[in-house]
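The structure under discussion appears below in the form of structure tokens.
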Amino acid sequence: MKKILLLISSFIFISSNAATLKGGISEEYIPKGFYGSWGVISKLQKSNNPTMFNFQSKDIWILSGHSNVLVLQNLESGAISEIRIKEKTTDGKTLKFHREKTSQNGNFKIIYKEIVQFKLLGNNFSGSDDFTVEKYNNKGVLIEKNEANYRVEGVKILGDKPH
């Protein structure tokens with residue numbers, strides 16, 4: 001009798017279809033208040049080579065994303081960037097990121113570096129954008145370094161109101 005009950009129990013467990021439960025913790029790297037469309041003005045504050053950088057720009061950005069990926073679309077230029085956010089802020093109002101791009105231009109390697117920090121204030125944000133362009137010769141020696149610091153201000157055009 002025990003063998004029959006054991007055999008029936010085995011068939012029940014083998015033939016049962018159970019869904020596996022999955023769990024996890026969602027980390028928000030991008031404060032939700034940043035999502036939406038923004039009118040953005042960037043003004044050059046200082047630079048070691050002001051002729052290389054724009055003094056001022058006015059753009060419309062659409063910010064979206066998920067997890068630690070920020071998607072920035074610039075409607076004026078048509079550019080789209082996916083930026084991986086590595087630093088999670090704790091205040092729910094600050095967005096920080098660093099990005100770097102390397103390109104080859106003839107015998108020169110050019111590295112573009114950008115460090116951005118924005119603070120959300122209701123339907124506005126403000127912050128800084130530090131931009132560096134390094135030019136290296138074919139032996140890897142730095143031959144030119146240009147830097148700029150921008151003050152950036154944004155006003156929300158469309159999107160959910162921040163909490």
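A donor-acceptor contact closer than 3.5 angstrom is absent between the side chains of Asp130 and Thr132. Looking at Glu134 and Tyr136, their side chains do bring a donor and an acceptor atom within 3.5 Å of each other.
Within the 3.5 Å criterion, the main-chain N or O of Val69 finds no donor-acceptor partner in the side chain of Ser67.
Contact of the Leu44 side chain with the Pro50 side chain is registered, since non-hydrogen atoms from C-beta on lie closer than 4.5 Å. You'll find the side chain of Lys119 reaches within 4.5 Å of the side chain of Asp91, heavy atoms only. The shortest side-chain heavy-atom distance between Phe131 and Ser47 does not fall under the 4.5 Å cut-off. Residues Leu95 and Phe125 have side chains not in contact (no heavy-atom distance under 4.5 Å, counting atoms from C-beta outward). Using a 4.5 Å heavy-atom cutoff, the side chains of Glu76 and Ile60 are in contact. Counting only heavy atoms from C-beta outward, the side chains of Ser128 and Asn149 approach each other to under 4.5 Å.
Nearest heavy atom pair, residue Gly127 against residue Phe118, reads CA-CD2, 4.0 Å. Nearest heavy-atom pair, Ile157 versus Gly39, reported as atom, atom and distance to 0.1 Å: CD1-N, 3.4 Å. Closest approach of Phe108 to Asn137, counting heavy atoms only: CD2-CA, 4.1 Å. For the pair Ser77 and Asn74, the tightest heavy-atom approach, listed with the atom from each and the gap, is N-OD1, 3.2 Å.
In this structure, CG on Asn124 lies 8.0 Å from CD on Glu153, to the nearest 0.5 angstrom.
Clustering ILVMFWY residues whenever any of their side-chain heavy atoms sit less than 4.5 angstrom apart, transitively, puts Tyr150 in a cluster other than the one holding Ile115. Ile83 and Tyr29 fall within a single hydrophobic cluster, where Ile, Leu, Val, Met, Phe, Trp and Tyr are joined by side-chain heavy atoms under 4.5 Å apart, directly or via other members.
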Output, in order, the C-alpha distance, side-chain angles, deciding distance and verdict of side-chain contact (heavy atoms from CB on, under 4.5 Å) for Val155 and Asn123.
CA-CA 6 Å; Val155 176; Asn123 284 327; 5.9 Å; no
Criterion salt bridge (charged side-chain N to carboxylate O under 4.0 Å, His left out) on Glu82 and Arg84, from CA distance to verdict:
CA-CA 7 Å; Glu82 280 194 11; Arg84 297 224 178 269; 5.1 Å; no
